[in-house]
Amino acid sequence: MHRSLAAGSLAAVLLSATALNASAAEYFDRIASFPITANLPADADQKGETVAEIISASEDGKLLVYTDSPRKALGFIDITDPAQPKAGGMLALGGEPTSVKVVGGRAFVAVNTSESYAKPSGKLLLVDLAGRSVVAECALPGQPDSVAAHAGVLAVAIENERDEDLNDGALPQLPAGSLVVAPLQGDRLDCASLKTVDLTGLATVAGDDPEPEYVDVSDEGKVVVTLQENSHIAIVDGRTGKVEAHFSAGTADLKNIDTKKDGKIELTGSAEKVAREPDAVHWIDNNRFVTANEGDWKGGSRGFTIFNKDGSVAYESGASLEHEVVALGHYPDKRNKKGIEIEGVEVGTFGKDRLIFVGSERASVVAVYRDAGAAPELVQVLPTGMGPEGLLALPNRNLFVATSEADLHGEGGAAPHVMIYQRAERPAPAYPTIRSTKDKNGLPIAWGALSGLAADKAQPGRLYAVTDSVYGAAPRILTIDAATKLATIQAETLVTRNGAAAEKLDLEGIATASDGGFWLASEGNPKKEMRNLLVKVDAKGAIQEEVTLPAGLEEGAQNYGFEGVTVTGSGADETVWLAVQREWADDGKGMVKLLAYKPADKSWSAVRYPLDKTDAGWIGLSEITAAGDRVIIIERDNQIAANAKVKKLYAVSMADMKPVALGGELPVVKKTELRDLLPDLKAPKGYVLDKVEGFTIDASGNAYAVTDNDGVDDSSGETLFLNLGKL
């Protein structure tokens, strides 16, 4: 594979089997993930919020230092062996750390000590890394938000952030922010040398209330600072404090974007003259820098921009990265006011390649671009923990590091993780494992929340998937080509009722029907007035029949009903089997039903399936697949990351699947463990994903499984499509 990949051709190259078998190029792959809860002291609140935001590293790249604002502390991670990161403990700071930068043997930490928005204050702490202690403290003229140091210059952005609940968050809200610069002597700083640079009167938007957000220092000691809410950028001589240039961050026009939170991803919207409102900024060289256009007040242009030092735009990403994110199943439809929200950027030179890293807060990915002098070339996209905030390139160790600031561990979800990636020659990156191709309009097929799999009866590698209630306004059947190394979603079929998109469906299972159509399992949810339904559709997705359960059977069920569907037999003996996720009112504890429906006489019967036991959460079924003389079932707990214990495939002999009529005593089937999926889920070196929900075996006998990413709702968006081979 040629080392130079144009952004527009990345998908084509990755999808090409020929290219994948060619000579290797250099890619990053994740080699470790560190849950920052592992750093919490034994006597600390283990369920309380903890995050990893901005991150820096010792000069040898063996010690990571990150800010944890809820804990008012610095965290340390030993990556002497980057594949085996170790807890390095925490250091209390007596205030909220907002940024950190290591220089020599010291960490310079910006700390917010504000009494209120109207009375902002802060300090700069100097932390000795060897002793893990604060050795000096400098007062700052307000609330700091970012610190950078390079070329003998220290810079601190004093934001004095606005109160978003005051006057609808409108500016101005004084006191105004500013910039602080100071000379460094190695890793030594004299507090008396701190100089405050006035940035008022520069921006057209609320010029009397600048809110500096992020700073970076060039090789020449020039400080670039973003004024996010003001949508403005200034360049300051870090040694003299003189403002040498300033200009509006400008606007971007966006086409083919999703603008509605409506349960479907439609790239038919547009937005004109969207203020960029940049967050993070990083010099690429002495004449260009890149901004992450997250937006905060009125803007946010969903991408990133490369500026020349004179303020002219060298490159604008527009919606191009967002389209790549859609193709990867990471688009956050429920948070699409500002789309994928690009928040972080980083630059590092690895060998001959200057790489630009662009982090998406809402999609939980980092895109890696190669600087090509004009338009950068998209090389790959890395999966991260939820809400990547800090990005750190470590070229001297061929490493890249990303933090995450979204913390759900107190609610049973995933804790923030610091993820470590290593660059090496490889035939292809490990991620993604599945992506979509383009539709007839040249736009990516949107997807996410894959919750059921089925196989084409004749064509090996041809699979079908369904999307669940996250996309309830557009339930679809997706056609997957799994024969290539990178599985690809090649077509989409809308499920319709009377010619319109079929609403009130939560598709969780799919099976191919003998007539070329499909049987679909739709999970019920009484709170949303949705019943468990067995749905028959033709090959074009039109609903032919919606089969409900006998009266009273669903009594006691909540939103844990149908989770899988499969078909056995043919003709008058054709039986449609449905896996029920968890116990219903008439089930004993630890027992769930496998329901059998015969289309020929519309009769219902069932057997019971015994669940494994668990010490935490619940265990249920996620899929059922007929395979010769047995059915294969996914049984899983609802636990994630280190708490995940049960993610298994079980087999039940067809000879044991002898259902009896409902209303009587149901026979209990015997199950045999077929495969523990935990090693497969751990192999990507992230945290174990909780929802492995789809399974099937194709026409040549190869088995496949897929995880459900919940449509990137309280999820990192990561999807694992597993080729399990012959079982």
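Model, not experiment: these values are computed from the prediction.
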Any idea which heavy atoms bring [X] and [Y] closest together, and the distance?
X: D333; Y: K261; value: O-CG, 3.7 Å
X: A705; Y: L724; value: CB-CD1, 4.2 Å
X: E523; Y: Y560; value: OE2-CA, 2.9 Å
X: E324; Y: L378; value: CG-CD2, 3.8 Å
X: D258; Y: K264; value: OD2-O, 3.4 Å
X: G686; Y: S33; value: CA-OG, 3.2 Å

Does the [X] side chain pair with the main chain of [Y], one donor and one acceptor, at a distance under 3.5 Å?
X: H417; Y: A641; result: no
X: K504; Y: K528; result: yes
X: T467; Y: A449; result: no
X: E693; Y: G452; result: no
X: S522; Y: L533; result: no
X: D468; Y: E508; result: no
X: D698; Y: G701; result: yes
X: S716; Y: G385; result: no
X: T707; Y: T719; result: no
X: D708; Y: S451; result: no

Within-4.5 Å side-chain heavy-atom neighbours: [X] and [Y]:
X: V565; Y: L534; value: yes
X: I624; Y: I632; value: no
X: R476; Y: I445; value: yes
X: V712; Y: R362; value: no
X: H330; Y: V381; value: no
X: I633; Y: K671; value: no
X: M657; Y: T575; value: no
X: V607; Y: W577; value: yes

query = Looking at F357 versus F28, is the centre-to-centre ring distance below 6.0 Å?
reply =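 Yes, ring centres under 6.0 Å apart.
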What's the separation between atom [atom1] in [X] and atom [atom2] in [Y], rounded to the nearest 0.5 Å?
X: L267; Y: E322; atom1: CG; atom2: CD; value: 8.0 Å
X: N532; Y: D506; atom1: CG; atom2: CG; value: 9.5 Å
X: L463; Y: Q490; atom1: CG; atom2: CD; value: 10.5 Å
X: T566; Y: E623; atom1: OG1; atom2: CD; value: 7.5 Å
X: I434; Y: N723; atom1: CD1; atom2: CG; value: 11.5 Å
X: L677; Y: K648; atom1: CG; atom2: NZ; value: 10.0 Å

Does atom [atom1] of [X] have more than 12 heavy-atom neighbours, drawn from other residues, nucleotides or ligands, at distances under 6.0 Å?
X: D601; atom1: CG; value: yes
X: K334; atom1: NZ; value: no
X: K260; atom1: NZ; value: no
X: E673; atom1: CD; value: yes
X: K726; atom1: NZ; value: yes

request  = Check Y704, W447, Y431, F695 against F721 for a ring-ring contact (aromatic ring centres under 6.0 Å, His included) and give me the one that passes.
outcome  =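 Between F721 and the candidates, ring-ring contact (aromatic ring centres under 6.0 Å, His included) is satisfied uniquely by Y704.
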message = Determine whether R636 and E563 satisfy the following criterion, salt bridge (charged side-chain N to carboxylate O under 4.0 Å, His left out), listing intermediate values before the conclusion.
response = CA-CA 12 Å; R636 69 169 180 89; E563 277 287 325; 5.4 Å; no
message = R608 vs D587, test: side chain to side chain contact (heavy atoms under 4.5 Å, CB included). Steps then yes/no.
response = CA-CA 8 Å; R608 280 201 170 95; D587 293 316; 3.0 Å; yes
Salt bridge (charged side-chain N to carboxylate O under 4.0 Å, His left out) between E718 and R30, intermediate numbers included = CA-CA 13 Å; E718 187 167 342; R30 185 170 50 198; 2.7 Å; yes
task = Among K645, K613, K647, find the residue that satisfies the salt bridge (Lys or Arg N to Asp or Glu O under 4.0 Å) test when tested with D637.
result = K647
message = Run L507 and V495 through side chain to side chain contact (heavy atoms under 4.5 Å, CB included) and show every step you take.
response = CA-CA 10 Å; L507 301 183; V495 177; 4.1 Å; yes
task = Show the numbers, then the answer: is there a salt bridge (charged side-chain N to carboxylate O under 4.0 Å, His left out) between R370 and D353?
result = CA-CA 6 Å; R370 182 178 293 109; D353 296 328; 3.3 Å; yes
request  = Evaluate the side chain to side chain contact (heavy atoms under 4.5 Å, CB included) criterion for residues L505 and R497: first the C-alpha distance (whole Å), next the side-chain angles of each, then the deciding distance (0.1 Å), finally the verdict.
outcome  = CA-CA 11 Å; L505 292 180; R497 184 187 292 116; 3.9 Å; yes
query = Can you check side chain to side chain contact (heavy atoms under 4.5 Å, CB included) on V368 and F400, steps first, answer last?
reply = CA-CA 10 Å; V368 184; F400 172 72; over 6 Å; no
key: Qualifying residue, where the test is side-chain contact (heavy atoms from CB on, under 4.5 Å) with V631 and the options are V652, V669, T625   =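 Passing option: V652.
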task = Scan T512, D456, T479 and name whichever one has a side chain to side chain donor-acceptor pair (under 3.5 Å) with Y464.
result =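 Of T512, D456, T479, side chain to side chain donor-acceptor pair (under 3.5 Å) with Y464 is met by D456 alone.
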inquiry  = Let's go through D680 and R675 carefully: what are the C-alpha distance in whole Å and the side-chain angles of both, what is the deciding distance for salt bridge (charged side-chain N to carboxylate O under 4.0 Å, His left out) to 0.1 Å, and is it a yes or a no?
reply    = CA-CA 10 Å; D680 301 290; R675 185 181 182 117; 2.9 Å; yes
